[in-house]
Student: 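Submitted below is the structure of interest, expressed as structure tokens.
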Amino acid sequence: MSEQSVHEPSAPDQTAPEQSAYDFRTIERKWQQRWEREGIYLTRDGGGPKYYVLEMLPYPSGDLHVGHAKNYSLGDAVARIMRMRGYDVLHPMGWDAFGLPAENAAIQRGIDPETWTRSNIENMRRQIKLMGTGYDWTREFATCDPAYYKWNQWFFLRMFEQGLAYKREAPVNWCPVDRTVLANEQVQDGVCWRCGAAVERRNLAQWFFKITDYADRLLAGLDRLTGWPERIKTMQRNWIGRSEGATLAFDVEDVAARIEVFTTRADTVFGTTFLAVAPEHPVVAQIVARLPESRARIEEFAAGLRSKSELERTQLMEKAGVPTGAYAVNPLSGERVPIWVANYVLAEYGTGAVMGVTAHDQRDFEFAQKYDLPVVQVVTDEAGTVQPPLSEAFTDDGVLIASGEYSGMTSAQARTAIAAHLEVQGRGTSTITYRFRDWLVSRQRYWGTPIPIVYCPTHGAVAVPDAQLPVLLPKNVAFTGQGSPLANNPDFVHTTCPTCGEPATRDADTMDTFVDSSWYMLRYLDPRNGERPFDEAIATRMMPVDQYIGGAEHAVLHLLYARFFYMFLIDQGYVHGDDEPFTRLFNQGTLLHGGEKMSKSRGNVVGIDETVERHGVDAMRLFLLKAAPPEDSLEWSDEGIVGRVRFVGRVWRAVEPLAAKAKSAPLDRLPETRGDAQRQLVRALHVALESAQGETDTRRFHYNVTTAKLDELINALTTLLREPGASDDPAVLYVVHALPIVLAPFAPHLADELWAALGYATSVHLERWLAPDPAALAVDAITLVVQVNGKVRARIDTAPGIGEEAAFELALREPTVTAQIDGKQVRKRIFVADKLLNIVAA
RNA sequence: GGGAUGAUGGUGGAAUAGGCAGACACAGCAGACUUAAAAUCUGCAGCCCGCAAGGGCGUCCGGGUUCGAGCCCCGGUCAUCCCACCA
């Protein structure tokens, strides 16, 4: 590492604590340089079990703040503990480098997106190294490297071949002034972020990945992911939104059309009093052709709806509709029901049409109230107490009434019977509907992976041959914020058809950046492979990721897309094994400052450079681990970190004077202990070891508790050191010798400085972890709690294993106990060995 | 509207399986060291009564189960997050 890459100290800060004897600035820099020089964090192939720990790929936004540090401190501690425990740890880092902010910088400040991105990466890499994190940097890549995005294109073509990538029209946000598509975050209050023009919805032909083909596998896989938080799995299930029901067909009177409706309540068909369709439903055009007098009314209604923002449409609007004038026929009862266009029917879900069952669906009920439609109850509860008139929809399952031959059946029986009956007549089928849609991957942007498709007047959409990949992003691009940068670039767009060689045009869209992050965990395994995205054998050996760490904001999209992508890779045989890519998932809590999430846009960031310069890396990392459990959000505290600065100094002052002696204290067996204080000290060390190691086993990562155990350890050590002769005590020297090992995952620089002071020439991070020793953890004295009627009245210090009778006799010697029993009869005794004696007296 | 999670001292938090509530730390107070301060070290510290010994109360509120509830059950309040016209 060169000198330039180390941060220059900022101006001296008068409020900063005076430098103690432990010069963290010099020491931390020294170790970081040495670790890098010696390559101690390169992935080892030492014949141990593999352990792949991965933090979610960061976006290179510019500067790291302590919120990022919270994430990396955790992953780094996990990686270090597992490495010391003998696992062959893979812990890589890279960059999610495509995306909108770089393009915005280009539009607003005229900076080339690549220049902007690369310089951010440089800075963030420097800052991550400044934290002393143990990544294997030889595997680093950025998703904007052509050597990476080439494989995005390659996978796109494989999906295209399999019919999993397809093209269809879909609405986008369109700015009529800038003639460009806007991302949702570029639409603010319905207007363009740049020019303020009102944003329109427009249909464009775009590429989709057929993730819905995998819906049931994505659902089923969740049940096997026992190492994932239940909350995230629930969110994914809700997102997929599997719904079992039936599709039923209603004939339209006087129009040669059928309206299909999806319903989960086929048992309520007899209660249908109207049909509601989305304004976009094709039947609307057919009805208008037949009943021209309805045209104006329907078009006005649809136009009013289109002018509303998404927010107004989904949250604020009252249910409303207009009658089309046409009627449909109930396939079971034969009754005529009016067809309405309604604002609460979604074109994209189900069939875009619903049967209006006013008595048994709350939305339909409200609609009926507003437009005075009949309410026909066809289900009642078991006891038959629910009777008309209804004041609200009765939405529970129950028993059918007024439903012809189905009356008397339960809802569940009727659903099956009705679906079967209609199926025979060709008017119904059992259907499973999903809430989530196929994955729209086209983005009308520059800074992303070009879609490797060419449009030929003769041959249509043609795949770019593999040999011609990557389709490179052009360099000579003007960023005006108007139009599409690639579509505006003739050199890029004009090409020849791979099939016939005639003039053709390229697809001018780029891929959603979620494509980039859907398979990156595989590229780390074989990052320089030029022939394949990754080697099959290596991937099969190293996958899945054992521990994935990141924020809950990716609970649905990224984590669902990556699971889908991996299932595809498994199916295609690019990697073998289980089709879930992330065995365990841990969701970090966010870092708050001033009660709000720390972020550049909120202007409440605390930078890494300043924090490290002022307090030191180890203190920062220890504070971020100590202040709260890692899944909780955590309020940054400039005061709180002072406690960790003190801890670092206290450890150094306690250990350093004894370091020369301590190396000869053997670590392979427990030391002789003379007294209770010595036994407590050795026990404190093993409690800390157990805490640190247990957290990786149980996956809770509650290092806030582990750091408290380290506090207790150092408190016990400094207390003992005040006793005469302590510096020759075998227990003290044993603990001093072992201390760097237990500190290594959390304060890696301090640990190595202590290890060197002991006289070691090699890094402590190459040492083996100490196994917590049950003999050291055993206690030789307990405090037995004595309760009278459930209230603590005395505590008796005694040896473990004391019997109930003996305990009772001791308890009766305590005046605070006898005072409570006095004049009462002892009715009962509850005895919990080595813990508690409860005397029940009345 | 639906779902999930949570609520513990001045603050962040701890409490393995229903068994000592408040570990550890921050802030605070007192003391030691110092000419003085900083740094460091030591001690105190949930609330109320009491000189003390000790006692009463106490984990959002109200009930319940239990010898015993921060933890389990029922009802409520508040907070955060997610989904939200999904037929």
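FYI, side chains are in, hydrogens and waters are out, and symmetry mates aren't considered; it's all heavy atoms of this structure. Below, chain A is the first sequence line, B the second, and so on; all start at residue 1.
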Student: Considering every strand and a 4.0 Å limit on heavy-atom distances, what is the contact class for Gln787(A): base, sugar-phosphate, or nothing?
Tutor: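 Base, at least one base atom sits under 4.0 Å.
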
Student: Would you mind classifying the nucleic acid contact of Pro815(A) as base, sugar-phosphate or nothing, using non-hydrogen atoms under 4.0 angstrom?
Tutor: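 Answer is nothing: Pro815(A) stays at 4.0 Å or more from every strand.
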
Student: How would you label the contact of Arg646(A) with the nucleic acid (heavy atoms, under 4.0 Å): base, sugar-phosphate, or nothing?
Tutor: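 Sugar-phosphate contact only - Arg646(A) comes under 4.0 Å of backbone atoms but never of a base.
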
Student: Applying a 4.0 Å non-hydrogen cut-off, can you work out what Asn238(A) is touching in the nucleic acid: base, sugar-phosphate, or nothing?
Tutor: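 Since no nucleic acid heavy atom lies under 4.0 Å of Asn238(A), the category is nothing.
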
Student: Would you mind reading off the distance between Asp632(A) atom CG and A79(B) atom P, rounded to a whole angstrom?
Tutor: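 One finds 19 Å between P of A79(B) and CG of Asp632(A), rounded.
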
Student: Considering every strand and a 4.0 Å limit on heavy-atom distances, what is the contact class for Gly643(A): base, sugar-phosphate, or nothing?
Tutor: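 If one applies the 4.0 Å heavy-atom cut-off, Gly643(A) turns out to touch the sugar-phosphate alone, with no base involved.
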
Student: Within the side chain of Thr818(A), is there an N or O that forms a donor-acceptor pair under 3.5 Å with the backbone of Leu812(A)?
Tutor: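 Such a contact is absent between Thr818(A) side chain and Leu812(A) backbone.
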
Student: Would you confirm whether the ring centroid of Tyr371(A) sits within less than 6.0 angstrom of the ring centroid of Trp340(A)?
Tutor: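 Distance test on ring centres: under 6.0 Å, yes.
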
Student: Give each protein N/O atom lying under 3.5 Å from an N/O atom of nucleotides 29-34 of chain B, with the pair distance.
Tutor:
none

Student: Among Val66(A), Leu592(A), Thr590(A), find the one that has a side chain to side chain contact (heavy atoms under 4.5 Å, CB included) with Met598(A).
Tutor: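 That would be Val66(A).
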
Student: Say you pick atom C1' in G13(B) and the same atom in G62(B); how far apart are they, in whole Å?
Tutor: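 The answer is 28 Å between these two C1' atoms.
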
Student: Indicate, with a heavy-atom threshold strictly under 4.0 Å, whether Lys626(A) touches base, sugar-phosphate, or nothing.
Tutor: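 The answer is base, as Lys626(A) lies within the cut-off (heavy atoms under 4.0 Å) of a base atom.
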
Student: Considering only side-chain heavy atoms of Asn838(A), which listed nucleotide, A23(B), G68(B), A87(B), is closest?
Tutor: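 Nearest nucleotide to the side chain: G68(B).
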
Student: If a protein heavy atom is under 4.0 Å from the base, mark B; if only from the sugar-phosphate, S; if neither, -; do that for nucleotides 45-55 of chain B going 5' to 3'.
Tutor: ---------SS

Student: Whole angstrom is fine here: how far is it from CE in Met235(A) over to P in U5(B)?
Tutor: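 Distance check: Met235(A) CE to U5(B) P gives 13 Å.
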
Student: Please report the closest heavy-atom contact between Ser73(A) and Arg621(A), naming both atoms and the distance.
Tutor: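 Heavy atoms only, the tightest pair is OG-CG, 3.7 Å.
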
Student: Salt-bridged, Asp711(A) to Arg650(A), with N to O below 4.0 Å?
Tutor: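 Yes, this pair counts.
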
Student: Suppose you measure atom C1' in C61(B) against the same atom in U77(B); what distance do you get, rounded to whole Å?
Tutor: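 That atom pair is separated by 7 Å.
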
Student: Should Leu837(A) and Val785(A) count as side-chain neighbours, where that means a heavy-atom distance under 4.5 Å?
Tutor: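 No. Closest side-chain heavy atoms not under 4.5 Å.
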
Student: Establish, from distance only, whether the side-chain atoms of Asn587(A) and Glu631(A) form a donor-acceptor pair under 3.5 Å.
Tutor: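 Per modelled atom types, Asn587(A) and Glu631(A) side chains form no pair under 3.5 Å.
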
Student: Mind checking if Val832(A) touches a base, just sugar-phosphate, or nothing, with heavy atoms under 4.0 Å?
Tutor: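 Base, at least one base heavy atom under 4.0 Å.
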
Student: Base, sugar-phosphate, or nothing: which does Asn715(A) touch, judged by heavy atoms less than 4.0 Å apart?
Tutor: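 Here Asn715(A) touches the backbone only, sparing every base.
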
Student: What distance, rounded to whole Å, do you find between the two C1' atoms, one in G43(B) and one in G50(B)?
Tutor: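 It works out to 23 Å between them.
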
Student: How many whole angstroms separate atom CD1 of Ile821(A) from atom P of C67(B)?
Tutor: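 One finds 18 Å between P of C67(B) and CD1 of Ile821(A), rounded.
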
Student: Under a 3.5 Å cut-off for both contacts, is A87(B) paired Watson-Crick or G-U wobble with anything, and if yes, with which nucleotide?
Tutor: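 When the pairing criteria are applied, nothing turns out to pair with A87(B), so the answer is none.
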
Student: Which base sits across from G70(B) as a Watson-Crick or G-U pair, both distances under 3.5 Å?
Tutor: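 Result: none.
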
Student: Between C20(B), C26(B), G13(B), which one does the side chain of Ala628(A) approach most closely?
Tutor: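 For the Ala628(A) side chain, the nearest candidate turns out to be G13(B).
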
Student: At less than 4.0 Å, is any side-chain N or O atom of Arg653(A) found next to OP1 or OP2 of A39(B)? Yes or no.
Tutor: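 No, no such contact exists.
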
Student: Between Lys233(A) (NZ) and C82(B) (P), how many Å, whole number?
Tutor: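 Atom-to-atom, Lys233(A) to C82(B), this comes out as 21 Å.
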
Student: Going by modelled atom types, is there a donor-acceptor pair between the base of C24(B) and the side chain of Asp711(A) at under 3.5 Å?
Tutor: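 In this structure, the two groups form no donor-acceptor pair.
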
Student: Using a strict threshold of under 4.0 Å (side-chain N to carboxylate O), is an ion pair present between Glu260(A) and Arg258(A)?
Tutor: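 No, Arg258(A) and Glu260(A) are not salt-bridged.
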
Student: Please report the distance, rounded to the nearest Å, between CD1 in Ile796(A) and P in C20(B).
Tutor: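 The answer, rounded to whole Å, is 15 Å.
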
Student: With both distances under 3.5 Å as the test, what is the Watson-Crick or G-U wobble partner of C33(B)?
Tutor: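 The base-pairing partner of C33(B), which may sit in any strand shown, does not exist here.
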
Student: Charged N to carboxylate O below 4.0 Å: is that the case for Arg415(A) and Asp397(A)?
Tutor: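 The answer is yes: the pair qualifies as a salt bridge.
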
Student: Salt bridge or not between Glu804(A) and Arg829(A)? Use side-chain N to carboxylate O under 4.0 Å.
Tutor: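 Salt bridge present between Glu804(A) and Arg829(A).
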
Student: Syn if the chi torsion is within 90° of 0, anti otherwise; quick check, which is A17(B)?
Tutor: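 Syn, since the glycosidic angle lies within 90° of 0.
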
Student: For A23(B) and U8(B), measure between their C1' atoms and round to the nearest Å.
Tutor: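 That atom pair is separated by 13 Å.
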
Student: G9(B): syn or anti, with syn meaning chi within 90° of zero?
Tutor: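 Chi for G9(B) falls in the syn range.
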
Student: By the 4.0 Å heavy-atom rule, please label Arg829(A) as base, sugar-phosphate, or nothing.
Tutor: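 Here Arg829(A) touches no strand at all.
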
Student: Which pairs, protein N/O on one side and nucleotides 69-74 of chain B N/O on the other, fall under 3.5 Å?
Tutor:
none

Student: Select base, sugar-phosphate, or nothing to describe what Val840(A) touches, counting heavy atoms under 4.0 Å on all strands.
Tutor: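 Sugar-phosphate only.
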
Student: Looking at every strand, decide which applies to Lys791(A) at a 4.0 Å heavy-atom threshold: base, sugar-phosphate, or nothing.
Tutor: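 Answer is sugar-phosphate: Lys791(A) comes under 4.0 Å of backbone atoms only.
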
Student: Taking His360(A) for its side chain and Val378(A) for its backbone only, find out whether a donor-acceptor pair lies under 3.5 Å.
Tutor: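 Looks like yes, one N/O pair under 3.5 Å.
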
Student: Looking at C83(B), G19(B), A87(B), which one has an atom nearest to any side-chain atom of Asp361(A)?
Tutor: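 Ranking C83(B), G19(B), A87(B) by closest atom to the Asp361(A) side chain puts A87(B) first.
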
Student: Could you pick out which residue, Asn704(A) or Ser637(A), lies toward the 5' side of RNA chain B when each is mapped onto its nearest nucleotide?
Tutor: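 Counting from the 5' end, the first nearest nucleotide belongs to Asn704(A).
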
Student: Has the side chain of Ser333(A) got a donor or acceptor atom that lies under 3.5 Å from a matching backbone atom of Asn330(A)?
Tutor: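 A pair under 3.5 Å: no.
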
Student: Please measure how far the C1' atom in A36(B) lies from the corresponding atom in A25(B), and state the result in whole Å.
Tutor: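 Looking at atom C1' only, A36(B) and A25(B) are 30 Å apart.
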
Student: Take atom P in A53(B) and the same atom in A45(B), then report the distance between them in whole Å.
Tutor: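 So the two P atoms sit 11 Å from each other.
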
Student: Is G6(B) paired to anything, Watson-Crick or G-U wobble with both distances less than 3.5 Å, and if yes, which nucleotide?
Tutor: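 Base partner found: C78(B).
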
Student: Would you kindly compare Arg722(A) and Tyr434(A) by the position of their nearest RNA chain B nucleotide and give the one closer to the 5′ end?
Tutor: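 Final value for this comparison: Arg722(A).
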
Student: Run the salt-bridge test on Asp618(A) and Arg644(A) with the 4.0 Å N-O cut-off and return the result as yes or no.
Tutor: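 No, no charged N to carboxylate O under 4.0 Å.
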
Student: Go ahead and name the base partner of U11(B); Watson-Crick or wobble counts if both distances stay under 3.5 Å, otherwise write none.
Tutor: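 The answer is A25(B), by the H-bond criterion.
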
Student: Is it true that a side-chain atom of His702(A) and a backbone atom of Asn704(A) form a donor plus acceptor pair closer than 3.5 Å?
Tutor: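 No, the answer is negative, given that no donor and acceptor are paired below the 3.5 Å cut-off.
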
Student: A87(B) C1' sits how many Å from Asp267(A) CG, rounded?
Tutor: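 In whole Å, A87(B) C1' and Asp267(A) CG are 13 Å from each other.
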
Student: I'd like to know if Lys828(A) reaches the base of C67(B) with its side chain such that a donor and an acceptor end up less than 3.5 angstrom apart.
Tutor: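 Per atom types, no contact qualifies.
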
Student: Look at the side-chain N and O atoms of Thr433(A) and state whether any lies under 4.0 Å from the OP1 or OP2 oxygen of A87(B).
Tutor: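 No, outside the criterion.
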
Student: What nucleotide, of A14(B), C41(B), A23(B), holds the atom closest to the side chain of Pro629(A)?
Tutor: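 Side chain of Pro629(A) sits closest to A14(B).
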
Student: Could you check whether Asp364(A) and Thr358(A), counting side-chain N and O atoms only, form a donor-acceptor pair closer than 3.5 Å?
Tutor: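 Distance-only check fails for Thr358(A) and Asp364(A).
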
Student: Determine whether the aromatic ring centres of Phe274(A) and Phe367(A) lie less than 6.0 Å apart.
Tutor: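 Ring centroids of Phe274(A) and Phe367(A) are less than 6.0 Å from each other.
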
Student: Can you tell me how far P in G76(B) sits from the matching atom in G18(B), rounded to whole Å?
Tutor: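 Looking at atom P only, G76(B) and G18(B) are 25 Å apart.
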
Student: When you compare C24(B) with A14(B), how far apart are their C1' atoms, in angstrom units rounded to a whole number?
Tutor: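 It works out to 7 Å between them.
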
Student: If I take atom CG in residue Asn789(A) and atom C1' in nucleotide U66(B), what distance separates them, rounded to the nearest angstrom?
Tutor: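 After rounding, the reported distance stands at 13 Å.
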
